[in-house]
Participant: 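Below are the structure tokens for one structure; questions will follow.
Per chain, numbering begins at 1; letters A, B, ... match sequence-line order. It should be emphasised that the depicted structure is a prediction, and the values quoted were computed from it without experimental measurement.
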Amino acid sequence: MTTVAVKPATMAQALQRAMRDAMAEDPTVHVMGEDVGTLGGVFRITDGLAKEFGEERCTDTPLAEAGILGAAVGMAMYGLRPVVEMQFDAFAYPAFEQLISHVAKMRNRTRGAMPLPITIRVPYGGGIGGVEHHSDSSEAYYVATPGLHVVTPATVEDAYGLLRASIASDDPVVFLEPKRLYWSKAQWDPAEPAAVPGIGKALVRRTGASATLITYGPSLPVCLEAAEAAREEGWDLEVVDLRSLVPLDEDTVMASVRRTGRAVVVHEANGFAGPGAELVARIQEKCFHHLEAPVLRVTGFDIPYPPPMLEKHHLPGVDRILDTVARLQWEN
Amino acid sequence: MTTVAVKPATMAQALQRAMRDAMAEDPTVHVMGEDVGTLGGVFRITDGLAKEFGEERCTDTPLAEAGILGAAVGMAMYGLRPVVEMQFDAFAYPAFEQLISHVAKMRNRTRGAMPLPITIRVPYGGGIGGVEHHSDSSEAYYVATPGLHVVTPATVEDAYGLLRASIASDDPVVFLEPKRLYWSKAQWDPAEPAAVPGIGKALVRRTGASATLITYGPSLPVCLEAAEAAREEGWDLEVVDLRSLVPLDEDTVMASVRRTGRAVVVHEANGFAGPGAELVARIQEKCFHHLEAPVLRVTGFDIPYPPPMLEKHHLPGVDRILDTVARLQWEN
Amino acid sequence: MTVQELPGAGASHRSTPPPAWRPRTDAAPLLPDPEPYRVLGTPAAEKLDPELMRRCYAELVRGRRYNAQATALTRQGRLAVYPSTVGQEACEIAAALVLEEQDWLFPSYRDTLAAVARGLDPVQALTLLRGDWHTGYDPREYRIAPLSTPLATQLPHAVGLAHAARLRGDDVVALALVGDGGTSEGDFHEALNFAAVWQAPVVFLVQNNGFAISVPLAKQTAAPTLAHKAVGYGMPGRLVDGNDIAAVREVLSEAVRRARAGGGPTLIEAVTYRIEAHTNADDATRYRGDAEVEAWKAHDPVELLERELTARGMLDADGIQEAKDAAEAMAATLRERMNAEPVLDPMDLFENVYAEQTGRLREQAEMLRAELDAEEQS
Amino acid sequence: MTVQELPGAGASHRSTPPPAWRPRTDAAPLLPDPEPYRVLGTPAAEKLDPELMRRCYAELVRGRRYNAQATALTRQGRLAVYPSTVGQEACEIAAALVLEEQDWLFPSYRDTLAAVARGLDPVQALTLLRGDWHTGYDPREYRIAPLSTPLATQLPHAVGLAHAARLRGDDVVALALVGDGGTSEGDFHEALNFAAVWQAPVVFLVQNNGFAISVPLAKQTAAPTLAHKAVGYGMPGRLVDGNDIAAVREVLSEAVRRARAGGGPTLIEAVTYRIEAHTNADDATRYRGDAEVEAWKAHDPVELLERELTARGMLDADGIQEAKDAAEAMAATLRERMNAEPVLDPMDLFENVYAEQTGRLREQAEMLRAELDAEEQS
Ligand SMILES: Cc1ncc(C[n+]2csc(CCOP(=O)(O)OP(=O)(O)O)c2C)c(N)n1
Ligand SMILES: Cc1ncc(C[n+]2csc(CCOP(=O)(O)OP(=O)(O)O)c2C)c(N)n1
Ligand SMILES: [Mg+2]
Ligand SMILES: [Mg+2]
């Protein structure tokens, strides 16, 4: 087999491409949100879509998130596949009633008669020096809401594949985009995008024998870096990228932890009642007799997202991950 | 000491009394919400307050939850202590942006200059045959939001004491009222209400040696009943009533679990990423070497709240708790 | 009578600077007439279509009977709760009858009658209120959205659906119902604004029945009328006597016609009254007096039409009896069918959370299955 | 010129039945005049108070300089982001100057200039935008609420505060600023409605600068003007040329006076233009042309006033120079002070989440403390 050299692409480009391809293939796919049309979104993720598909397929809406999501519900009821952009994590909050009380419940309440194939794109997380309301990791709210899928890519390739899968899903998907990875690059050929992975499969990004780091989205690169650094300390860390928080691929996670006997969950969201809590609870239940040490977490502190000048202290970094790995009772 | 016979009071009465006493003592306490004035609230918890203190102290607002909470923020900024009633759990969702982006953050963002002493009363949970949107256990959203206290009484006495403490708190408190316990009764003397317990102390409601049931709010009576029934099976269960989810009284919880070596967390909220997950994650971290079995959970299923005709299957009941206790690896 | 058209979404006059800026005063919006539009009891009633009015009358009588039967079912424990529309039947019926088959109705939690009048089986309409599954029918089959309990949240849905239909070139109008209290919600505002900007074929019918549970309109708004809210969105607003089915029908049908013709949305306030308590669980004597209720009873929608039609010789005693008999037959059937104990399968709890069950749900389903089996055996 | 008063919250006419019901047509609301009110360049300018106008002029010049300096600071990396108010200075300054000491200002994220003009130290006003702690001042000390980034969410705060002050018998008016885009949010609607029902002493000033980031007003609303939205709440609505500081001041001060006198809230739309990009991070050429910008530059708020005052002999070259010098001095100080590296204590992260640190936070603080100590040692 020969490999063709391709130019590196950014995650932003892969996301844009995913929407473009979905829109080209399926005329029911509509993109909507604040500034997504003419401007192409504040992160330019929808760049060019209005031009290519017209303003009716990529629409600048009035500035009202509940209205946007509520209108998307109505559009989905009529058979369209809306892809909604929330401009930033914290600006999705005004739409929570529509999300919790309608988007998440519609299929169930109509006993399957009226599923809502809506994709809600939410740029999330910190590390970009964003001011208040621009750096929240709000996944805890979404994962606690039955009826929603919650997906987040950590690589360029997954950005494309998971977004395609989300748009193709007949269920509502909260698609969390790690905004500090928007400009991360990888060899990826937009002309030959990888096969679309389904939603709900985790991936072992790095195999290792000493302990498992379980993570997703913006923390994946940090974990991979930590795993590299850990070699110096003599630890051979496995890194699992969840890719989907709901559904959770427990098989992959448990298989890894049973192998290594030790686990650390890493995410930016606040630790208290964050998504990591569910993972830990589940791992200790399923792997109880395999565990050499308690499952630990490295997360954002239990504080409102800090001012940018202090965010580096808040975010899980390599050192804090290694310090935590060190606490995994190696002396046993 | 002689005990004076007092008439039984309901939790609803104790809550009403707590607001009445707080309003009488402190002219800055204002009650507001939908139907709280003339009607006294759909559950009659604010009954008589408008009559006694005037409509300006107990106010029927327009029907708009974000507006109610947002106005309460402004009132608190000016030095009042608003007590907001959300009519039902799911009707608090329209106010989430105000809650997450302002109520929870104001003290922190002003570096302590502008705390918001707001109490948000939310009748929550199921078991009353309520139709959709009237039975949600939405505590996962609140506990995942740093800056909020989250409190929930399970007894008549605590209803009074905790509500007084919440209103007295200089921080915002989400006060979750287990609506199916509104009419629960206890010997409680409104003329001599018990001393106000602070926020953040759990209580061992029943001592036991075999395992610990950790619970709160509507599930406490179920756990106590289960503990009684467990005696037949030879299990002596300890029951911890958290009373406060944030802050969490880890000392009491961990002390109990270290003693018993086994624990089950019980709550109505969905299990996946529910408050129980945090408890389990923390217990296995803090009590790892004391645990004889994984910490298990008995919770609502991971589904939208079911139709009333099926809710009995969804809610944690005595049998399911006992089945779960049975799975605590007693053969070890 | 016409409603002057307002400047639509195309109005971009304000992006040029003030020196050059001239408002389109020639298209200035009219304030809604603050006098509710009426037909019954006015000379306009002469032109009523006897056929249509007899149909309305029959539906009103049936609607009134439906209300009574549903409330009776709450007393028998067959319904968990029922929000009555006694006194509001003219709005409910007119809303149902004004729509074409392909149009969509977006009811609030109170509007089972409108759904039934549109042709939905009352037992299917009432599943939610008896504690059964929420939506007892396929919304797409009847083009009736699920009853919406969170107030005003159905309004953006109606806008989105109407907009989608227009984008696809389909001839579909959405009619959304909301209460006076619901107009205070943010979703009301956002929906009306989207509708106007998109010029979506949607009609908003506010049933101003005087109360949001216990809260009277004066605590809900300081506007002269709720119809005045239309002005701020750039859409026509109309006020109508909500107990005058001829008037409601006319105003609604004009708005539906305009929407269908691409003329955009309309806001209609129908002034009516909730004769009974908020629901069977409510005690209305806590917040309003008998005198007010009695005064409204004297303006009863069924009687208003009956009086008009009999006076004009469009309806006779036989016609009245016929309508009553049909209503009784409906009630008897409903009573009987609602007496059958609904059979729900607990395992359905896990069937429709997602298209495909997650692993976690499969596990939970297995647990419940085992519990049910154990119960059966014991 | 007066604005006709609207029926207030007391209007309960609609709870009596239609037969007896008569709208208060004598108090019907006026539609706002769709022509923006102006003073500069009109005969009304004759009556301007020279002292006040010179103060306005000096503040405008300072405000323009402040904008330039803040944008320069973004290029030097001293500010993370800056949303400029170049072109909108008349609104910002007028809003600051119209308030009494005890009154409250509720700025949006764009309105640091209004806060500074009200007397806030610019370094304190800019902490948020340099990535430092959010609110660099005690809001109660200056009666300036924290800058609100989530759009329109500050409006209900203003209503609540004004209402609280009135309940306590204090003479306090709240002035809330919001953008044209912000008017589409549900919170805008809910706040205006609460204000009108409660007759709260609050004034809403919409700075319609033509855009919400890239979205022009025509995609935001179909209303003739944003001031027309007042009608639906039963409050007076006014349209004013937002670049004419004399006009903005007059309209604002009339509204503040009415609020103070118990006359309730007012909605004011100031028609203006955002000359620069949304923020330094934005590229405005993607969504608008030069011609539009140039046309608005010809209607510059600083020049409009300068022209008027010099023509009327109220301002001479010395006066102009004096204002410029003062502005330069302010800019120099600001530049210098912003060049000092702010010192933040990471341990403060845990100090103000709650009045009392929770156990969990204590633990996390200890962890960070240990990390910082280890760093220091290495
Ligand atoms: C968002 C939301 N908040 C609160 C409620 C509780 N609630 C149910 S009905 C009702 C009053 C509704 O009044 P209105 O809109 O006038 O409709 P009506 O009941 O008169 O038909 C309230 C407050 C709700 N259903 N949804
Ligand atoms: C609730 C919310 N949604 C989205 C945003 C992102 N955002 C920041 S500024 C802006 C445009 C605001 O436009 P406008 O209200 O006209 O104010 P201007 O920027 O023109 O001052 C948007 C969409 C936000 N800050 N808050
Ligand atoms: Mg009503
Ligand atoms: Mg703007």
Participant: Which heavy atom in A92(A) sits nearest to a heavy atom in Y142(A), and how many Å separate them?
Facilitator: CB-OH, 3.4 Å
Participant: What part of A165(C) gets closer than 4.5 Å to chain A, counting heavy atoms only: side chain, backbone, both or neither?
Facilitator: both
Participant: If I compare all heavy atoms of L151(C) with all of G182(C), which pair ends up nearest, and what's the gap?
Facilitator: CB-CA, 4.4 Å
Participant: Please rank I68(A), L248(A), L69(A) by heavy-atom pairs under 4.5 Å with chain C and give me the top one.
Facilitator: I68(A)
Participant: A66(A) versus chain C, heavy atoms under 4.5 Å apart: side chain, backbone, both or neither?
Facilitator: both
Participant: When the ring planes of W198(C) and H163(C) are compared, do they come out parallel, tilted or perpendicular, using 30° and 60° as the limits?
Facilitator: parallel
Participant: Among V150(A), L163(A), V122(A), exactly one meets side-chain contact (heavy atoms from CB on, under 4.5 Å) together with F175(A). Which residue is that?
Facilitator: L163(A)
Participant: I want to know whether F106(C) and F204(C) have ring centres closer than 6.0 Å.
Facilitator: no
Participant: Which heavy atom of E85(A) sits nearest to which heavy atom of G41(A), and what is that distance?
Facilitator: OE2-CA, 4.0 Å
Participant: Could you tell me which portion of H149(A) (side chain, backbone, both or neither) has an atom closer than 4.5 angstrom to a non-hydrogen atom of chain C?
Facilitator: both
Participant: Side chain from CB out, backbone as N, CA, C, O: work out which of these in E56(A) comes under 4.5 Å of a heavy atom of chain C, or both, or neither.
Facilitator: both
Participant: Name the region of L148(A), side chain, backbone, both or neither, that has any atom closer than 4.5 Å to a heavy atom of chain C.
Facilitator: backbone
Participant: Check whether R57(A) gets within reach of chain C through its side chain, its backbone, both or neither, counting any heavy atom under 4.5 Å.
Facilitator: neither
Participant: Which bit of T59(A) is near chain C, if near means a heavy-atom gap under 4.5 Å: side chain, backbone, both or neither?
Facilitator: side chain
Participant: Give me the atom names and distance for the closest heavy-atom approach of D89(A) to S138(A).
Facilitator: CB-OG, 3.8 Å
Participant: S101(A) versus chain C, heavy atoms under 4.5 Å apart: side chain, backbone, both or neither?
Facilitator: side chain
Participant: Testing H157(C), R118(C), R140(C) for side-chain contact (heavy atoms from CB on, under 4.5 Å) with W104(C), which one passes?
Facilitator: R140(C)
Participant: Heavy-atom distances under 4.5 Å only: say whether A195(C) touches chain A with side chain, backbone, both or neither.
Facilitator: neither
Participant: Between E363(C) and chain A, which part of the residue has a heavy atom less than 4.5 Å away: side chain, backbone, both or neither?
Facilitator: side chain
